[in-house]
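The next block holds one structure in the form of structure tokens; read it before the comments.
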Amino acid sequence: MPSKKTLAALVLAALTAPQALAEQRHELTIVADFYPTMIRNFNPYLSTNLRTTTDFIYEPLVVFNQMHGNKPVMRLAENYYLSEDLMQVTFEIREGVKWSDGKPFSAEDVVYSFDLIREKPELDPKGMDRWIKSVRQDGNKAIFDLTEVNTNVPYEISTIPIVPKHIWKDIEKPELFTNENPVGSGPFTEIDTFTPQLYVQCRNPNYWDNDNLEVDCLRVPQIANNDQLLSKIIKSELDWTGAFIPDIDITYAARSPHHKYWYPAASPQAFVLNFKSPHPGNNEAINNIDFRRAFSMSIDRQKIINIAFYGNGVVNDYASGLGKVFEFWADPEIYNKHKGYNTYNVVNAKAMLKEAGFVDVDGDGFVETPTGKPIELELQSPTGWTDFNNAVQLGVEQLQAVGIKAKARTADFAVYNQAMLSGTYDVAYTNYFNGADPYRYWSTGYHSRFQEGESMPRYAMHFFKNAELDRLLDTFYKTDKQDEQKLIAHQIQKIIAENQVTVPVMSGVDVYQFNESRFTGWWNEGNPKGRPSSWAGVPERLLHVLGLKPRA
């Protein structure tokens with residue numbers, strides 16, 4: 001019979017074993033969203049799901065790396081290709097992949113998933129039916145017949161989660177299914193722990209790429225807002241985050257040599273000038289290319305970033321608005337030719353105004369139009385958007401410094417938006433949509449079809465129209481050759497830049513912080529392998545995790 005001392009040692013060992021195992025596991029603490037409370041929902045088709053569902057439980061067919069010219073990285077698919085007439089896309093499914101329950105993954109699951117969202121359109125907010133006529137299986141291939149030529153469809157297909165047919169075919173109401181114990185294809189499918197304050201999502205024992213995975217689990221704490229995040233991040237409790245942190249160098253980076261951040265450029269922001277301004281003097285000025293360029297040179301972009309956005313931005317001095325995020329698509333010659341007009345220069349702005357006939361006729365310190373009409377631009381932004389409001393106020397001061405009379409106006413978003421749709425404003429500050437390439441930004445921001453009707457977005461409501469620009473935008477996705485797309489992009493860039501249609505100010509940033517104390521291999525300026533965001537909607541985050549290694 002063992003002694004009391006031996007029994008105590010055995011009991012202690014039994015009690016501490018799980019803790020020791022947990023400490024041996026390599027857990028990555030990630031903030032993928034803010035949650036007032038966490039509900040156990042891993043349905044990849046629902047907007048209410050927990051944000052480690054896509055990519056990590058349900059792996060994409062392909063990850064398109066936006067930062068590197070949309071380069072495809074094959075995942076569940078080994079290859080994809082378009083037919084000669086570009087009306088069909090075929091995905092070859094990787095051999096030997098298993099679901100986390102050990103059942104084989106196949107093209108049948110791909111076909112089932114797309115049939116499911118067709119039958120249940122509430123599970124398909126992207127409306128894939130507008131692009132996909134039908135999908136069928138041929139051995140290990142999933143073949144998509146398209147409704148029209150659109151070479152961006154492979155990217156769109158890759159954003160749709162693929163679920164296991166053998167599980168989901170028996171679910172009566174998938175739109176209500178919370179999928180608490182998911183069967184998935186990705187690296188982290190096992191829900192090891194779940195409470196309203198924390199869940200731990202661990203390694204898929206059947207993951208096809210386990211040999212390249214050195215993170216054992218994702219640890220996801222419940223965090224409701226930036227203040228709660230800040231209290232944890234400064235104490236090194238979080239590994240991977242993406243949130244606004246004021247004075248980040250002092251608040252976060254200075255607290256530990258392991259605290260790092262990288263803010264690569266993201267979507268553009270700009271002053272939009274209304275070519276249909278109802279005010280005669282403003283209308284004459286805005287329709288003058290030299291005035292638009294002088295306006296642009298009067299803007300101190302870095303000052304706006306530093307003050308209005310607390311340094312969270314990258315100067316966008318591309319007349320086309322492309323910015324650094326789409327540098328791959330830019331023609332350097334066009335960029336350099338027009339960069340001076342998009343660089344802060346008070347002397348040149350004043351000189352250009354004078355040479356174009358904008359002079360102070362009445363001696364009030366502000367210029368009139370060449371025909372003598374008064375100018376007083378009203379720069380609008382939505383009430384409560386304090387960064388936009390501050391950007392507008394700084395813009396007003398900078399315009400006045402070169403002799404352009406201006407004032408700021410804030411309005412409820414609905415009023416701000418309606419003024420743009422109806423063309424009753426002078427100048428507005430706005431951000432733009434971003435996509436996997438420049439098309440979404442350029443199309444929604446410059447195609448004349450988006451200037452028709454109140455249901456259209458505000459972004460193209462400068463009312464500048466150019467038939468050749470429309471034609472080029474319409475042809476961008478009619479070819480599957482990237483070299484041809486780049487040539488089209490250069491022509492689009494040239495038209496927008498030559499006409500200084502808008503006044504780009506900055507590119508927003510992908511906000512990203514990381515803690516090197518537990519893992520190495522983080523993406524950063526010196527290792528810019530892709531967009532580094534931890535948030536859902538950025539599938540490159542899967543590749544990011546696969547590159548992390550526990551610190552020895």
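For clarity, every value in this text was computed on a predicted model and none was experimentally measured.
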### Task
Evaluate side-chain hydrogen bond (donor to acceptor under 3.5 Å, both in side chains) for Gln88 paired with Ser83, printing each intermediate quantity in order.
CA-CA 5 Å; Gln88 191 178 84; Ser83 60; 5.1 Å; no
### Message
I need the full list of disulfide (SG to SG under 2.5 Å) pairs touching residues 196-244, with sequence neighbours left out, sorted by first then second residue.
### Response
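Passing the test, one end in residues 196-244: Cys202-Cys217.
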### Query
Which pairs, with at least one residue in residues 470-489 and sequence neighbours excluded, count as a ring pair (Phe, Tyr, Trp, His ring centres under 6.0 Å)?
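Only Trp329-Phe476, Tyr439-Phe476, Tyr439-Tyr477 qualify under ring pair (Phe, Tyr, Trp, His ring centres under 6.0 Å).
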### Query
Does a side chain donor of either Arg449 or Ser443 reach within less than 3.5 Å of an acceptor in the other side chain?
yes
Considering non-hydrogen atoms only, spot the tightest contact between [X] and [Y] and give its length.
X: Val325; Y: Ala266; result: CG1-O, 3.2 Å
X: Val509; Y: Gly313; result: CG1-CA, 3.7 Å
X: Tyr318; Y: Asn316; result: N-OD1, 3.2 Å
X: Glu525; Y: Pro528; result: O-CD, 3.6 Å

### Query
Regarding Lys98 and the six-membered ring of Tyr207, is the cationic atom NZ or CZ under 6.0 Å from the ring centre and inside 45° of its axis?
no
### Query
Quick one: is the NZ or CZ of Arg94 closer than 6.0 Å to the six-membered ring centre of Trp208, and within 45° of its axis?
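Flagged: Arg94 positioned over aromatic ring of Trp208.
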With [X] via side chain to side chain donor-acceptor pair (under 3.5 Å) - residues at least two apart:
X: Tyr35; answer: none
X: His166; answer: Asp101
X: Tyr80; answer: none
X: Gln197; answer: none

### Message
Working note: Phe177 + Phe42, criterion ring-ring contact (aromatic ring centres under 6.0 Å, His included); need CA distance, chi angles, decisive distance, verdict.
### Response
CA-CA 9 Å; Phe177 180 46; Phe42 297 102; over 10 Å; no
### Task
Apply the test salt bridge (Lys or Arg N to Asp or Glu O under 4.0 Å) to residues Lys494 and Asp331: give CA-CA distance (whole Å), side-chain angles for both, the deciding distance (0.1 Å), then the verdict.
CA-CA 9 Å; Lys494 184 174 186 287; Asp331 183 332; over 6 Å; no
#### Entry: Step-by-step side-chain hydrogen bond (donor to acceptor under 3.5 Å, both in side chains) determination, Asn206 to Ser100
CA-CA 5 Å; Asn206 292 302; Ser100 55; over 6 Å; no
### Task
Not counting sequence neighbours, list each pair that qualifies as a side chain to side chain donor-acceptor pair (under 3.5 Å) and has a residue in residues 182-195.
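Checked against side chain to side chain donor-acceptor pair (under 3.5 Å) - neighbours excluded - the pairs reaching residues 182-195 are Arg25-Asp192.
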#### Entry: Pairs satisfying side chain to side chain donor-acceptor pair (under 3.5 Å), at least one member in residues 105-115, at least two apart
Trp99-Asp109, Glu108-Lys165
Salt bridge (Lys or Arg N to Asp or Glu O under 4.0 Å) involving [X] - partner list, sequence neighbours excluded:
X: Glu327; answer: Lys324
X: Arg471; answer: Glu468
X: Glu175; answer: Lys120

### Query
Does the pair Asp145/Arg136 count as a salt bridge with the N-to-O cut at 4.0 Å?
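Result for this pair is yes, salt bridge flagged.
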### Query
From Asn226 CG over to Ile245 CD1, what is the distance, rounded to the nearest 0.5 angstrom?
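CD1 of Ile245 is found 7.5 Å from CG of Asn226.
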### Criterion side-chain hydrogen bond (donor to acceptor under 3.5 Å, both in side chains) on Asp470 and Ser448, from CA distance to verdict
CA-CA 7 Å; Asp470 288 350; Ser448 66; 2.4 Å; yes
### Task
Not counting sequence neighbours, list each pair that qualifies as a salt bridge (Lys or Arg N to Asp or Glu O under 4.0 Å) and has a residue in residues 57-82.
Glu59-Arg75, Arg75-Asp209
